[in-house]
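Here's the structure we're looking at; comments come further down.
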Amino acid sequence: MDGVGSFGAGRTGTAVDPITFAKQPQTILRVLSWIFSLVVFASIVNEGYVNLGSERLHCVFNKNADACNYGIFVGLVGLLACSFFFLLDYKFSSISSVKDRKKAVMLEIGFSGFWTFLYFVSFCFLANQWSRTKTDDLPLNQGADAARAAIAFSFFSIITWAGLTVCAVQKYLLGTDMTLFTTEHMDGGAPTQPYPSNSPVGGPADTTEAYQSPPFTENNTAPTYQTC
């Protein structure tokens, strides 16, 4: 029963339509999260440090190196995670085991939810340090645009990662369509066919054949499931 109607995907080996895949809300949110993480990471790395007349570089966020390091960490890991989960989404229908699909969905729920929280912390932390930054610490307003971009896209990332968490939860709640299986199929045994019985006493035997539809009829058409 592995891979049939499990967590929003059809039968194993079902061809993935690139256009349909690209139009899915989850794919759009994934791409946006990738872009936002790239902006947060690149803004701080490229213009997040200023030189105040010495060889030492200072973080534009109130000279707090922890703020810049945290923003770089969240952006870089979020960027790599988006790439990984994007490939996982594309290859999800090729996973034949229901247990493996469940593990993949649970991993996505945990990571997406956790990264939503980390981006919330990033937004609050960077915004707080930026509000404490003095004008004298940024000669010619150097690095100001990069700081504002990191704060803004940290906020946008909260929304997209929260959306990805919701989509993953929907996939998990969808689970496996167990109505496609009978007890015999789930237990691994062959379905039994009833035999006509003859009355031992009283009158002629009933020769009318009883017809019973098979408990499971294979449908070659992959079922359609609605997910985020």
Side-chain angles (χ1 to χ4, degrees), residues 6-9 16 18-48 59-62 64-95 100-131 143 145-175 225-228:
S6 302
F7 302 101
V16 179
I19 298 179
T20 302
F21 176 77
K23 292 181 179 180
Q24 291 179 352
Q26 183 174 355
T27 304
I28 297 175
L29 289 173
R30 191 83 67 196
V31 173
L32 290 177
S33 297
W34 189 91
I35 296 174
F36 295 164
S37 295
L38 177 62
V39 173
V40 173
F41 168 75
S43 297
I44 299 177
V45 169
N46 293 332
E47 301 182 34
C59 178
V60 295
F61 295 100
N62 196 30
N64 190 341
D66 292 336
C68 285
N69 293 336
Y70 184 84
I72 292 173
F73 168 75
V74 174
L76 178 60
V77 177
L79 183 68
L80 298 176
C82 284
S83 301
F84 170 77
F85 283 111
F86 183 85
L87 294 176
L88 183 62
D89 291 340
Y90 191 79
K91 297 293 185 180
F92 190 76
S93 60
S94 64
I95 301 177
D100 290 342
R101 287 189 179 188
K102 183 177 180 180
K103 292 178 181 178
V105 174
M106 292 182 66
L107 174 63
E108 184 178 355
I109 293 175
F111 187 90
S112 298
F114 182 58
W115 229 248
T116 302
F117 171 74
L118 290 189
Y119 262 118
F120 174 76
V121 174
S122 175
F123 170 73
C124 295
F125 188 21
L126 297 181
N128 176 265
Q129 293 301 307
W130 178 247
S131 65
D145 292 339
R148 296 189 185 97
I151 295 173
F153 283 93
S154 291
F155 176 78
F156 298 151
S157 295
I158 298 173
I159 300 175
T160 56
W161 280 99
L164 290 172
T165 304
V166 173
C167 289
V169 171
Q170 289 181 349
K171 290 170 61 177
Y172 181 81
L173 295 178
L174 185 62
Y225 299 91
Q226 297 295 330
T227 58
C228 182

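Residues: numbered from 1 along the sequence shown. Not measured: the values here are computed from a predicted model.
- Taking the six-membered ring where tryptophan is involved, the planes of Phe86 and Phe21 are perpendicular, since the angle between them exceeds 60° and thus also 30°.
- Side chain of Ser131 to backbone of Asn128: a donor-acceptor contact under 3.5 angstrom is found.
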Donor-acceptor list for residues 112-120 side chains, cut-off 3.5 Å, not counting sequence neighbours:
from   : atom 1 : to     : atom 2 : distance (Å)
Ser112 : OG     : Glu108 : O      : 2.9
Trp115 : NE1    : Val74  : O      : 3.2
Thr116 : OG1    : Ser112 : O      : 2.7
Thr116 : OG1    : Trp161 : O      : 3.3
Thr116 : OG1    : Ala162 : N      : 3.3
Tyr119 : OH     : Ser37  : OG     : 2.8

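- Remark: Trp130 pairs with no residue by the side-chain hydrogen bond (donor to acceptor under 3.5 Å, both in side chains) rule, at least two apart or across chains.
- Across all their heavy atoms, Ser33 and Thr160 have their closest contact at OG-OG1, 3.0 Å.
- Going from atom CG of Leu80 over to atom CH2 of Trp34 covers 10.0 Å, rounded to the nearest 0.5 Å.
- Looking only at side-chain heavy atoms (C-beta outward), Val105 and Phe92 come within less than 4.5 Å of each other.
- In this structure, the side chains of Asp89 and Lys171 come closer than 4.5 Å at one or more pairs of heavy atoms.
- Note that the CZ atom of Phe36 and the OG atom of Ser157 stand 6.5 Å from one another [nearest 0.5 Å].
- Closest heavy-atom contact between Lys23 and Ile28: O-CD1, 3.9 Å.
- Here the CG atom belonging to Leu164 is positioned 12.0 Å from the CD1 atom belonging to Ile159, to the nearest 0.5 angstrom.
- The distance from atom CZ of Phe156 to atom CD1 of Ile158, rounded to the nearest 0.5 Å, is 10.5 Å.
- Nearest heavy-atom pair across Ile44 and Ala150 is CG1-CB, 4.0 Å.
- Residues Phe61 and Ile151 have side chains in contact (heavy-atom distance under 4.5 Å, counting atoms from C-beta outward).
- Residues satisfying the side chain to side chain contact (heavy atoms under 4.5 Å, CB included) test with Asn64, not counting sequence neighbours, are Asp66, Ala67, Phe125, Gln129.
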Leu126 and Tyr70: CA distance, side-chain angles, deciding distance, side-chain contact (heavy atoms from CB on, under 4.5 Å) verdict = CA-CA 9 Å; Leu126 297 181; Tyr70 184 84; 5.9 Å; no
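- For the residue pair Gly143 and Val60, the shortest heavy atom distance occurs at CA-CG1, 4.2 Å.
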